Trainee: 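For reference, the structure I am asking about is given below.
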Number of protein chains: 2
Amino acid sequence: MTYSDKQLQIITTAETLFSGKGYDGTSVRDIAEAAGVNIAMISYYFGSKEGLIQALFEERTRDVVLKVESLLKNDALSPIEKIEWLVDDYVQRIATKIQFHKIMVCEQMLQKNTVITTLLTELKKRNAEVVSKLIKDGQEKGAFRPDVDLVLLMNTLIGTVTQTFINTDYYRSYNHLESVDETTFQDDLKAGVSTHIKTLFKAILTYES
Amino acid sequence: MTYSDKQLQIITTAETLFSGKGYDGTSVRDIAEAAGVNIAMISYYFGSKEGLIQALFEERTRDVVLKVESLLKNDALSPIEKIEWLVDDYVQRIATKIQFHKIMVCEQMLQKNTVITTLLTELKKRNAEVVSKLIKDGQEKGAFRPDVDLVLLMNTLIGTVTQTFINTDYYRSYNHLESVDETTFQDDLKAGVSTHIKTLFKAILTYES
DNA sequence: CGCAAAATTAAACAAATGTTTGATTTAATT
DNA sequence: AATTAAATCAAACATTTGTTTAATTTTGCG
């Protein structure tokens, strides 16, 4: 599906409101008003409120798998370099799309919308397959250990990044970084969590530390 | 605050419904009907729907910090043994209180209720202080590395466990464990994620693997 | 221009929302 | 048994909810 500028504007507005007040906590009137369109336009364009959030998910998850796939096809990189690429890419993606990510986490908790749940499960499965190939490749080359629990590994990646970027304020105040400007803080945090996860991954995947 | 049996029954019913349909997706009529009480009883006992979810959080987070504190006071255990205790305890707690944990994650995403947000931040801070002492103790004894990012470490614990138990079905289907009975599967998964996280922690905290 | 399709609008719709009321029943205490 | 407080109830409350309608305006095209 491809959307017009006006449709994308409604989707983006809904994304902001959903991420701040939740799907059920946001009314179509809220969205229409914030987007500067008549309330009837939401049903007109997306059929319903449910149709709108589904459109949001389809729009934001488009190309996600494709990017990872092409990323890992690069033959010039070693398995461990590809893992590092993967971590950096994931951290970058979540950090820059934190609003949508919050909505996604809530949807994963409740699993009320079957269309979205199916979409996300499919996405997760396809991503896991790609990473699985990468790990098997590393194992065949003798770079990775033979006993790796892929799901737990991915859960550590997703979980650590989610926890970190869901409440960056906590990280800031705990480490007394209130005076650091936002951009610098964000960049440092991204670098820090990337390094952290890479260290974890190497401990799980490789033989030496 | 201490609650009567009937109040606790309403709280438990609300917990189940909130975890399945979300706070805003659950009406006070849903709760009253499922709990077998008149709808007016919710305002009567808790003041409002907001008061009810706040009561739920106060009730479920009671004693959480105390338990960790007393756990780590045990002088018979080494720092690394205490870390292992901590991981096992956290895994066990989330696994057995998955409904409340889902509600908590959603609340952390949206942060609409300031009372709950403050409660959770306070809880996190106090827990972090306890674990911080434990790590410093390990560092002084030469068992732990000097450069440990406590928040990232805790984020990995919380994040990995959350991701794992939020969608146990995914772990099951990916590893083709559909035929394993529920109890065995849950126990194996708890053991598996515990071992996984302990491995990660040792890689971060200690010198050798 | 003329016309048809698309876009936009204000208004209305029934249903659902959280909360309160005021009366009635139950329980506990004297 | 009498009295008082607590608990429970059906009903009503004013809003808000998502969606639809039917009329109007705008747009694109021959």
Side-chain angles (χ1 to χ4, degrees), chain A residues 1-59 103 106-107 110-117, chain B residues 1-59 103 106-107 110-117:
Chain A
M1 198 44 147
T2 164
Y3 300 103
S4 69
D5 287 353
K6 188 143 266 178
Q7 285 172 315
L8 287 173
Q9 185 202 347
I10 295 173
I11 288 175
T12 304
T13 306
E15 182 179 39
T16 300
L17 293 177
F18 288 159
S19 76
K21 317 202 290 176
Y23 174 76
D24 286 312
T26 306
S27 72
V28 293
R29 278 173 184 78
D30 291 337
I31 301 167
E33 193 178 355
V37 301
N38 189 278
I39 184 179
M41 298 307 291
I42 282 151
S43 293
Y44 180 71
Y45 277 134
F46 304 100
S48 64
K49 190 188 178 188
E50 272 210 315
L52 171 56
I53 194 176
Q54 285 166 15
L56 166 63
F57 270 80
E58 282 159 21
E59 182 62 22
I103 303 170
C106 287
E107 281 298 313
L110 306 179
Q111 307 201 13
K112 281 198 290 183
N113 188 312
T114 53
V115 173
I116 292 175
T117 303
Chain B
M1 196 43 147
T2 164
Y3 299 102
S4 70
D5 287 353
K6 187 143 269 181
Q7 285 173 314
L8 287 173
Q9 185 202 346
I10 294 173
I11 288 176
T12 305
T13 305
E15 182 179 38
T16 301
L17 293 178
F18 287 161
S19 77
K21 317 202 292 176
Y23 173 76
D24 285 311
T26 306
S27 72
V28 293
R29 280 172 183 79
D30 291 338
I31 300 167
E33 193 179 356
V37 302
N38 188 277
I39 186 181
M41 298 308 291
I42 282 152
S43 293
Y44 180 72
Y45 277 135
F46 304 100
S48 65
K49 191 188 176 188
E50 272 210 313
L52 171 56
I53 194 176
Q54 285 167 17
L56 166 64
F57 270 80
E58 282 159 20
E59 182 64 23
I103 304 170
C106 287
E107 281 298 315
L110 306 179
Q111 307 201 14
K112 281 198 290 185
N113 188 313
T114 53
V115 174
I116 292 176
T117 302

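The shown structure was predicted, so the numbers you read here are calculated from the model rather than taken from an experiment. Order of the sequence lines fixes the chain letters, A, B, ..., with proteins taken first and strands second; residue numbering starts at 1 for each chain.
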Trainee: Name the closest nucleotide to the M41(A) side chain, picking from dA6(D), dT8(C), dT19(D).
Mentor: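 Among dA6(D), dT8(C), dT19(D), the one nearest the side chain of M41(A) is dT8(C).
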
Trainee: So Y45(B), base contact, sugar-phosphate only, or nothing? Heavy-atom distance under 4.0 Å.
Mentor: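 Here Y45(B) touches the backbone only, sparing every base.
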
Trainee: Report the nucleotide, chosen from dT19(C), dT20(C), dA10(C), that has the shortest atom-to-atom distance to any side-chain atom of S48(B).
Mentor: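 Nearest nucleotide to the side chain: dT19(C).
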
Trainee: dT19(C), dA6(D), dT20(D): which one has an atom nearest the side-chain heavy atoms of Y44(B)?
Mentor: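 Nearest listed nucleotide: dA6(D).
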
Trainee: For the pair made of CG in D24(A) and P in dT17(D), what is the distance, rounded to whole Å?
Mentor: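 Rounded to the whole Å, the gap is 11 Å.
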
Trainee: Quick one, which residues of residues 27-38 of chain B touch DNA chain D with a heavy atom under 4.0 Å?
Mentor: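 By residue number: R29(B), N38(B).
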
Trainee: May I ask you to test the K112(B)-D24(B) pair for a side-chain heavy-atom distance under 4.5 Å?
Mentor: yes

Trainee: Taking the side chain as C-beta and beyond, is there a heavy-atom pair between L56(A) and L52(A) under 4.5 Å?
Mentor: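 When only atoms from C-beta onward are counted, L52(A) and L56(A) do not touch, as no gap falls below 4.5 Å.
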
Trainee: When you match G25(A) and G47(A) each to their closest nucleotide on DNA chain D, which lands nearer the 5' end?
Mentor: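 Final value for this comparison: G25(A).
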
Trainee: Does NZ or CZ of K49(A) lie under 6.0 Å from the centre of the six-membered ring of Y23(A), at an angle within 45° of the ring axis?
Mentor: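 Because its charged atom sits under 6.0 Å from the ring centre and within 45° of the axis, K49(A) does stack over Y23(A).
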
Trainee: Return the CD1 to CD distance between I11(B) and Q54(B), rounded to the nearest 0.5 Å.
Mentor: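 Spacing of CD1 (I11(B)) from CD (Q54(B)) equals 11.5 Å.
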
Trainee: Round to a whole Å and report the spacing from NZ of K49(A) to C1' of dT20(D).
Mentor: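 From K49(A) NZ to dT20(D) C1': 17 Å.
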
Trainee: Which part of the nucleic acid does I42(A) contact within heavy-atom distance under 4.0 Å: base, sugar-phosphate only, or nothing?
Mentor: nothing

Trainee: Measuring only between side-chain heavy atoms, which start at C-beta, is Y45(B) closer than 4.5 Å to V37(B)?
Mentor: no

